[in-house]
Amino acid sequence: MDNRSITNLLAEAADLLEIDGADSFRIRSYRRAAEAVESTTLQLSEIASDMKKLLEIPGIGKSMAANIQEIERTGSFGIRDELLKKYRPTMLDLLKLPGMGPKSVALFWEALQVASIDELEAAITAGRLKSLPRMGEKQIEKLKKGIEEYRKNSGRFLIDDGEMAAEKLIAYLREFPGLDILTPAGSLRRGRETVGDLDILVTGPACAENNVAAAVEYVAQYPPISSLLARGQNKVSFLLRNGLQVDVRLLPESSYGAALQYFTGSKMHNVSIRQRALKYGYTLNEYALARVDDGTPVAAATETEIYAALDLDWIPPELRENNGEIEAAEAHRLPALIEQEDIRGDVHMHTNATDGRNTIREMAEAGLARGYAYIAITDHSKNLAMTNGLDDERALEHIRRIREVDEEMEGRIRVFPGIEVDILADGELDLSDEVLAQMDVVIASVHSLFNQPEEQMTERVLRAIENPYVRILGHPTGRLLLRREAFKINVAAVLRKASELGVAVEHNAYPDRLDLCDRDLRLAKELGCKIAVNTDSHHTSHMEKMRYGIRQLRRAWLRKEDVLNTLPADAFLAALRPRP
DNA sequence: GCCGTTTTCGGCCCGACTGTTTTCAGTCG
């Protein structure tokens, strides 16, 4: 079994233990083990038989190692199986509703035998919740809204989950001789923050019409398939264990470009392109661009030739949303979009001084390994008690240690001292100006009281960035995907003010909290905001998530010169708001 | 359940807010 699946099983056990009211430290052990499995670079399936190696992973002790071995043998483990006898797996969905914790799940189960979102909805409609303790009108209303929100988002997966599933499948398909070109299409290729399903397009000699059957059979044998939905001549559809639907299409090489264009979308982009084709006397479908009159194919093998036949430059998939990209392609004015390689530094990350996993030095080494010229260490401040946030005194000590590491790295990579300072309810910051003055990178972020009314929330942030030491506004929209709605804030007003003050705004690259959606990013650019893209890494492995941030920047039509941390180290610091 | 040691068990991130209570349990970050 792959690490990701083991991670999920351990995390699931932690949730079930919590519903069961188990010892909180024991629960935390399962969570930590899940994180350890997720972040280790070792393939657990390869070392599962080696108890010693398993125990070397921090957070994995004797019984957790035994659990992992059992998972490798049987696909599950004792405690999880027992808990699943007592409870139902659908209860874990209930935990995803805002305001629902393990205690409420347990209560609903014991009092009403409610074990799923559907059952909860029915219980609410029937008025059965009112009889329960602490279930007032507001609470019930909150649940109703939560269910609605959940329904809207469920069925979609975050882009990194989609990408990982695609990579695994593609690796499997490559094993089959004669499958040469394998490309994910659809929203994954366009870099959307969530994907509804996976479209994998495949071509090569094995996809030729007369012998494709063997390849189709091979696809249908993909081990992680949980249920096979359809199996046609050249298409296989199935569900993975996590519910993600996958369509694999095996196409002849001659029409691969047309299929890629067709299945990449977006729908609106394709509508416009097909209209354009008609004006040229062509018709476009997933097989070819062809003349309307006699059906003679004009272009089909590559996307480039199809766009070219319509007098268009090839359009990067991230731009295919019918947002002016066709006009730009016609005028040869498509922007040179930012690339991953343009990023020179990652300036928001945490260490084990607060809630990160690694040391300053380890983060620096990881940044160096990624080819960065600089990073900034920006741990939490004291108001985030749960993260062991830094107070003034500890912050000063931390700066000293960061400077030491900067010295140790001997210029191979610069390590800037910084802080992610908390914006309090009234717009004050929770560290003193004297301390902030010593930081190169001061990121101000909201971490609490998300339910303030919009006006108050906006006012609070505007006040905070007035503080002259603030140089970057952290997650300016507080946008958390799939979990809850963003907090209410006037994004335009905040961006405008940031631009005026010269405060940079951050685009958090991490897929599950993409702060600025492409529309907000475009707005930020229009308003002349300085934009920095950061991973907010809490572990060296998180730095790789930068690529998803880049996808979003590209979707917003941003170029290298639109993003602050494409600059060399000194120029980057110089481009930040000047210190008083 | 893990870890580190004081080697056999005690410590392990905690404070604020909410909606419900009428003194606090549950959730969140």
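Taking the P atom of each, B:dT20 and B:dA16 are spaced 22 Å apart, rounded to whole Å. Distance noted for atom C1' between B:dC17 and B:dT23: 16 Å (whole Å). With both ends at atom P, the span from B:dG10 to B:dG15 equals 24 Å, rounded to whole Å. Nucleotides B:dT22 and B:dC13 have their C1' atoms positioned 31 Å apart, rounded to a whole Å. When the C1' atom is used for both B:dG1 and B:dT8, the distance is 15 Å, rounded to whole Å. Straight-line distance between the C1' atoms of B:dT18 and B:dC12: roughly 28 Å, to the nearest whole Å.
If you take CZ of A:Phe25 and P of B:dG10, they are 14 Å apart, rounded to a whole angstrom. Rounded to whole angstrom, the span from the CZ atom of A:Arg31 across to the C1' atom of B:dC12 amounts to 15 Å. Atom pair A:Leu107:CG and B:dG26:P shows a separation of 9 Å (rounding to whole Å applied). Spacing between atom CG of A:Asp391 and atom C1' of B:dG15 amounts to 15 Å, rounded to whole angstrom units. As rounded to whole Å, 16 Å separates atom P of B:dA16 from atom CD of A:Gln452. Summarising the geometry, the separation between CE on A:Met100 and P on B:dG29 is reported as 16 Å, rounded to the nearest angstrom. For the pair A:Asp430 CG and B:dA16 P, the computed distance is 12 Å after rounding to whole Å. Atom-to-atom, NE2 of A:His380 to C1' of B:dC14 comes out at 14 Å; the value is rounded to the nearest Å.
With a 4.5 Å cut-off on side-chain heavy atoms, A:Ile443 and A:Leu473 do not count as touching. Looking at heavy atoms from C-beta onward, A:Ser537 lies in side-chain contact with A:Met363 at the 4.5 angstrom threshold.
The pair A:Glu141-A:Lys138 does not meet the salt-bridge criterion, since no charged nitrogen lies less than 4.0 angstrom from a carboxylate oxygen. Look at A:Glu428 and A:Arg463 and you find a salt bridge, because one of the NZ, NE, NH1 or NH2 atoms lies within 4.0 Å of a carboxylate O, short of that distance.
The aromatic rings of A:His380 and A:His447 lie perpendicular to each other, with more than 60° between the two planes, well past the 30° mark.
With A:Leu44 as reference, A:Ile6 is the one residue of A:Ile6, A:Ile60, A:Ile71 to meet the side chain to side chain contact (heavy atoms under 4.5 Å, CB included) rule.
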For a quick check, with a 4.0 angstrom heavy-atom cut-off, what is the B/S/- contact string for nucleotides 17-22 of chain B, read 5' to 3'? -SSS--
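Searching all strands for a Watson-Crick or G-U wobble partner of B:dG29 with both distances below 3.5 Å returns B:dC14.
The side chain of A:Arg28 lies closest to B:dC12, out of B:dC12, B:dG15, B:dG1. Closest to the side chain of A:Ser63, out of B:dC12, B:dC2, B:dG29, is B:dC2. With B:dG1, B:dC14, B:dG26 as the candidates, the nucleotide lying closest to the side chain of A:Lys103 is B:dG26.
Contact annotation for A:Arg32: no contact, since no heavy-atom pair falls under 4.0 Å across all strands. Counting any heavy atom pair closer than 4.0 Å across all strands shown, A:Asp23 reaches a base atom. Across all strands shown, A:Met386 has heavy atoms under 4.0 Å from base atoms, whether or not it also approaches the sugar-phosphate. Nucleic acid contact for A:Ser104: sugar-phosphate only, since backbone atoms but no base atoms lie under 4.0 Å from a heavy atom of the residue. Across all strands shown, A:Ile27 has no heavy atoms under 4.0 Å from either base or sugar-phosphate atoms. Across all strands shown, A:Leu17 has no heavy atoms under 4.0 Å from either base or sugar-phosphate atoms.
Each of A:Leu55 and A:Asn383 was matched to the nucleotide of DNA chain B holding its nearest heavy atom; the match closer to the 5' end belongs to A:Leu55.
Shown here is A:Gln113, whose CD atom has more than 12 heavy atoms of other residues, nucleotides or ligands within 6.0 Å.
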